[in-house]
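A short worksheet on the structure shown next.
All values reported here derive from a predicted model rather than from experimental measurement.
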Amino acid sequence: MDDALVAYNAGRVDGAAGFRDPQIAEDPEVGADYRVGVLDGRIAAFHLIMEVRRILGVEGSLFERPDDVTGS
């Protein structure tokens with residue numbers, strides 16, 4: 001049980017950082033726990049970004065007008 005919790009937590013941290021370790025993800029004993037943690041970490045990061053955008057009053061896509069960003 002401890003190994004599963006450690007793998008889940010490692011996956012959550014990696015997922016929040018936008019990283020996935022393929023070696024741990026394919027491990028037959030803890031790979032599933034790690035992958036669930038990665039997914040949960042990515043979802044948590046998404047919610048954090050959305051909350052920051054809400055607080056700052058940012059609406060719409062950041063990629064609506066890519067020409068405005070590149071200066072073309």
Side-chain angles (χ1 to χ4, degrees):
M1 181 68 165
D2 288 340
D3 291 341
L5 292 174
V6 169
Y8 171 82
N9 190 51
R12 188 168 166 90
V13 170
D14 286 353
F19 176 76
R20 182 178 182 268
D21 187 331
Q23 186 175 359
I24 299 173
E26 296 303 319
D27 186 279
E29 290 184 26
V30 297
D33 299 307
Y34 175 81
R35 290 189 303 271
V36 169
V38 168
L39 179 60
D40 285 350
R42 288 183 179 172
I43 291 170
F46 172 80
H47 284 288
L48 178 63
I49 291 168
M50 292 307 296
E51 185 64 17
V52 169
R53 287 175 54 101
R54 186 191 65 78
I55 290 168
L56 295 175
V58 176
E59 295 180 7
S61 173
L62 295 176
F63 303 102
E64 261 178 23
R65 298 178 301 268
D67 294 337
D68 293 347
V69 176
T70 60
S72 299

- Under 6.0 Å from the CZ atom of F19, do we count more than 12 heavy atoms belonging to anything else shown? yes
- Item | Closest approach of A16 to A45 (non-hydrogen atoms, all atoms of both residues) | O-CB, 4.0 Å
- Task: Quick one: pull up CZ in R35 and CG in D27 and give me the separation to the nearest 0.5 Å.
- Result: 9.5 Å
- side-chain contact (heavy atoms from CB on, under 4.5 Å) partners for I55, two or more places apart: E51
- Item | Whichever hydrophobic residues join V36 through chains of side-chain contacts under 4.5 Å | Y8
- Under the side-chain hydrogen bond (donor to acceptor under 3.5 Å, both in side chains) rule, collect the residues that match up with D14, sequence neighbours excluded. Y34
- Item | Spacing of N9 atom CG and D40 atom CG [to the nearest 0.5 Å] | 11.0 Å
- Item | CG on D33 to CZ on R12, rounded to 0.5 Å | 14.0 Å
- Query: Is there side-chain contact between R42 and R20, with at least one heavy-atom pair below 4.5 Å?
  - Reply: yes
